[in-house]
Amino acid sequence: MAEFFYVLTVIFVAYVVFSVSKDKSAPVEPDKHKSGSEPKSAPPVSPVAAEAPADSAELGEQAEDFTHKPAAGVEGVKNPKTGEFAKIPANYAFAKRWIKEALVSEGLLDRVYKNSELDEATNAKIHLALEHLKSLEKYQP
């Protein structure tokens with residue numbers, strides 16, 4: 001059995017040595033930009049950067065393209081500050097922090113609850129508050 005492990009170890013060491021030597025034998029191209037003999041020139045300007053900036057209406061339309069939009073049929077709420085969409089979790093403990101803070105700021109809950117404070121009555125109150133939060137126009141996706 002010891003001979004078997006010895007053979008495996010020798011094969012593994014040979015493989016590692018071969019891999020490392022193969023990597024070192026690859027030709028390395030000198031970096032043309034780091035040599036001091038060539039004059040440095042300004043980087044090329046792309047045609048997109050050279051164009052005049054777009055008006056604010058066009059920027060608003062482009063910004064909407066980058067916001068995350070929910071898939072059809074997915075229930076959730078949108079953060080009005082950041083535009084982030086989040087699904088309403090089945091359990092309050094898994095809700096995102098901004099959802100919990102929105103429940104408090106809208107007056108639907110009196111405070112953000114800890115996981116150890118959740119019981120049947122509190123969960124029922126939280127579930128009703130989440131349903132009401134979904135119906136508010138401010139949080140509609």
Within 6.0 Å of CD in Glu120, more than 12 heavy atoms from elsewhere: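 At most 12 heavy atoms, drawn from other residues, nucleotides or ligands, come within 6.0 Å of this atom.
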CZ/Arg111: more than 12 non-hydrogen atoms of other groups inside 6.0 Å: yes
Working for side chain to side chain contact (heavy atoms under 4.5 Å, CB included), residues His127 and Thr122: CA-CA 9 Å; His127 183 69; Thr122 308; over 6 Å; no
Asn91 (side chain) donor-acceptor with Phe94 (main chain) under 3.5 angstrom: no
Beyond-backbone contact of Val7 with Val10, side-chain heavy atoms, under 4.5 angstrom: no
Side-chain heavy-atom pair Lys138, Glu106 within 4.5 angstrom cut-off: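 Yes - at least one pair of side-chain heavy atoms lies under 4.5 Å apart.
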Closest contact, heavy atoms only, Lys134 versus Gly76: CG-O, 4.4 Å
Closest approach of Lys78 to Gln140 (non-hydrogen atoms, all atoms of both residues): CE-O, 3.6 Å
Connected hydrophobic set around Val104, excluding itself, where side chains approach under 4.5 Å: Val77, Ile88, Tyr92, Trp98, Ile99, Leu103, Leu108, Leu109, Val112, Tyr113, Leu118, Ile126, Leu130, Leu133, Leu136, Tyr139
Between CZ on residue Phe12 and CG on residue Leu8, distance to nearest 0.5 Å: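 Nearest 0.5 Å value for the CZ-CG distance: 11.0 Å.
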